[in-house]
Amino acid sequence: MPASFKVLHDPVRNTDTMIADFGESAIGRVAPVDSGFWWIILLRAYTKSTGDHSLADMPDCQRGMRLILTLCLSEGFDTFPTLLCADGCCMVDRRMGIYGYPIEIQALFFMALRCARQLLKPEAGGKEFIERIDKRLHALSYHMRSYFWLDFQQLNDIYRYKTEEYSHTAVNKFNVIPDSLPDWVFDFMPMRGGYFIGNVSPARMDFRWFCVGNCVAILSCLATPEQSLAIMDLIEERWDELVGEMPLKVSYPAIENHEWRIVTGCDPKNTRWSYHNGGSWPGKSFSIISCAIYN
């Protein structure tokens, strides 16, 4: 699904042609992963709000959903139910160290699967997709709730992890080195509250807070009721850091100094507390408000 379009005007024929951008013209030349998910989510929102199923039942819309799902549910070398993504593949569309399995993409993926489950018709191969969706939703929800979730108890467990474990009974399944825990997370994590961390992959956990991913996790029911309340408790406990006087921090904390140079490639737009690097996005306030109403 293209993330943007360009209109080319032919002055001779006096016609306009719409050209879709699938990433080949984007900054960094990264294909958007989230745009297809948002399309399915918006289609479900329209259908539920208006009660009009005629748009979603159109052959083109049904085919569009099947094509998106074919790409996302295809078999590969990955052993996780999450989606492997490049840096800059979503709203954070610049290099910010989110390569791997970013929380925003996983939460949107989960929400899009749930929406497609309601919109797909059993005809023309839809039944097979519905069965695959059910299987993926179960695996994805377990993986996210078990391995991406962080609260005070889980933080203490990670701090005491043993490494180099081999077998299905391993506790430290991703071989995370406890010394890699950043100092700030111990001060940030309250006794009451929790959140889905930014990324989990072999020997790597990104402990940054990402607003969109956690809010979508609540609204899509990826988070359990207890986890949803814990996320809202964390926002309340860390209101000054996450909201402050100019809502809303899209991520926390900001990366700076040597880490900023390595992670962003010295990106001048993403200096500390700017843009995607801990910048304030008032437009994202709707997500927190929606979560508060939902809870």
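Computed from a predicted model, the values in this text were never measured in an experiment. Along the sequence shown, residues carry numbers from 1.
Residue pairs meeting the side chain to side chain donor-acceptor pair (under 3.5 Å) criterion with at least one member in residues 127-147, sequence neighbours excluded: Arg117-Asp134. Applying the side chain to side chain donor-acceptor pair (under 3.5 Å) test to pairs two or more places apart or on separate chains, those with a residue in residues 97-113 are Asp78-Tyr101.
Residues Ser280 and Val243 have side chains not in contact (no heavy-atom distance under 4.5 Å, counting atoms from C-beta outward). With contacts defined as side-chain heavy-atom distances shorter than 4.5 Å, the pair Pro178/Arg160 does not qualify. The shortest distance between side-chain heavy atoms of Phe5 and Asp21 does not fall below 4.5 Å. Put simply, the side chain of Cys291 reaches to within 4.5 Å of the side chain of Leu219, judged on heavy atoms. Inter-residue side-chain proximity for Asp206 and Ile197 is flagged as unmet; no heavy-atom pair is nearer than 4.5 Å. Using a 4.5 Å cut-off on side-chain heavy atoms (C-beta onward), Trp281 and Leu248 make no contact. In this structure, Gln154 and Asp151 have side chains that are in contact, with non-hydrogen atoms separated by less than 4.5 Å. Contact check for Leu120 versus Arg66: side-chain heavy atoms found under the 4.5 Å cut-off.
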Going through the checks in order, is the side-chain contact (heavy atoms from CB on, under 4.5 Å) test met by Ile158 and Met205? CA-CA 10 Å; Ile158 296 174; Met205 300 181 84; 3.9 Å; yes
Report the C-alpha separation of Asp16 and Leu8 in whole Å, then their side-chain angles, then the decisive distance to 0.1 Å, and conclude whether the side-chain contact (heavy atoms from CB on, under 4.5 Å) test is met. CA-CA 6 Å; Asp16 292 329; Leu8 294 180; over 6 Å; no
Verify side-chain contact (heavy atoms from CB on, under 4.5 Å) between Ile19 and Thr17, making sure each step is shown before the conclusion. CA-CA 6 Å; Ile19 306 297; Thr17 305; 3.9 Å; yes
Can Phe196 and Ile231 be said to form a side-chain contact (heavy atoms from CB on, under 4.5 Å), step by step? CA-CA 8 Å; Phe196 289 101; Ile231 293 172; 4.0 Å; yes
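Taking a cutoff of 4.0 Å between a charged side-chain nitrogen and a carboxylate oxygen, Glu241 and Lys249 do not qualify as a salt bridge.
Considering every non-hydrogen atom in both Phe80 and Pro202, the closest pair reads CE1-CD, 4.3 Å. Smallest separation of non-hydrogen atoms from Leu43 and Cys61: CD2-CB, 4.4 Å. Listed here is the closest heavy atom pair of Gly88 and Val30: O-CG1, 3.6 Å. Closest approach of Met189 and Gly194 over heavy atoms only: SD-CA, 4.5 Å. Considering every non-hydrogen atom in both Ser220 and Phe110, the closest pair reads O-CE2, 3.3 Å. In plain terms, the two heavy atoms of Cys85 and Pro102 that are nearest each other are CB-CD, 4.2 Å.
If you run side-chain hydrogen bond (donor to acceptor under 3.5 Å, both in side chains) between Asp267 and each of Arg261, His276, Arg94, only Arg94 comes through. Of the candidates Asp34, Val33, Val212, Cys90 forms a side-chain contact (heavy atoms from CB on, under 4.5 Å) with just one, namely Asp34. Tyr195 pairs in a ring-ring contact (aromatic ring centres under 6.0 Å, His included) with only one of the listed residues (Tyr252, Phe188, Phe152, Trp149), which is Phe188.
A donor-acceptor pair is defined here as one N or O able to donate and one able to accept, closer than 3.5 Å; such a pair exists between the side chain of Gln62 and the backbone of Lys121. Asp52 contributes a side-chain N or O that, together with a main-chain N or O of Ser54, makes up a donor-acceptor pair within less than 3.5 Å. For Asn175 (side chain) and Glu164 (main-chain N/O), a donor-acceptor pair under 3.5 Å exists by modelled atom type. Remark: side-chain polar atoms of Ser201 are not paired, donor with acceptor, to backbone N or O of Gly100 under 3.5 angstrom. At distances below 3.5 Å, not a single donor-acceptor pair connects side-chain atoms of Gln118 with backbone N or O atoms of Arg44. Here the side chain of Ser274 pairs no donor or acceptor atom with the backbone of Asn270 at under 3.5 angstrom. Judged by distance alone, with hydrogens and angles left aside, the side-chain atoms of Ser49 form no donor-acceptor pair with the main-chain N or O of Tyr46 at under 3.5 Å. Checking side-chain atoms of Asn277 against main-chain N and O of Trp273 turns up no donor-acceptor pair under 3.5 Å. In this structure, the side chain of Asn172 engages the main chain of Lys162 through a donor-acceptor pair within 3.5 Å. Asp87 places a side-chain N or O within donor-acceptor distance of the main-chain N or O of Ile98, the cut-off being under 3.5 Å.
Note: the hydrophobic cluster containing Val171 also contains Val200 (ILVMFWY, side chain heavy atoms under 4.5 Å, direct or indirect links). A continuous path of ILVMFWY side-chain contacts below 4.5 Å connects Met111 to Leu73, so both sit in one hydrophobic cluster. There is a path of hydrophobic side-chain contacts, each under 4.5 Å, that joins Ile103 to Phe174. In this structure, Leu222 is a member of the same hydrophobic cluster as Ile235, with clusters built from ILVMFWY side-chain heavy atoms closer than 4.5 Å. Hydrophobic clustering, with ILVMFWY side chains joined whenever heavy atoms are under 4.5 angstrom apart, keeps Met246 apart from Ile288.
Taking CG of Asp240 as the start and CZ of Arg238 as the end, the distance is 9.5 Å to the nearest 0.5 Å. Interatomic distance, CG of Leu83 versus SG of Cys72, reported as 5.5 Å (0.5 Å rounding). In this structure, CZ on Arg192 lies 5.5 Å from CD on Glu236, to the nearest 0.5 angstrom.
Heavy atoms from other residues, nucleotides or ligands lying under 6.0 Å from NZ of Lys6 number 12 at most. Counting heavy-atom neighbours within 6.0 Å of Arg29 CZ, excluding the residue itself, gives a total above 12. With a 6.0 Å radius and a threshold of 12 heavy atoms from other residues, nucleotides or ligands, Phe186 has its CZ atom above the threshold. Atom CH2 of Trp38 has 12 or fewer heavy atoms from other residues, nucleotides or ligands within 6.0 Å. Surrounding CH2 of Trp239 are at most 12 heavy atoms belonging to other residues, nucleotides or ligands under 6.0 Å away. Heavy-atom contacts from other residues, nucleotides or ligands closer than 6.0 Å to NE2 of His258 number 12 or fewer.
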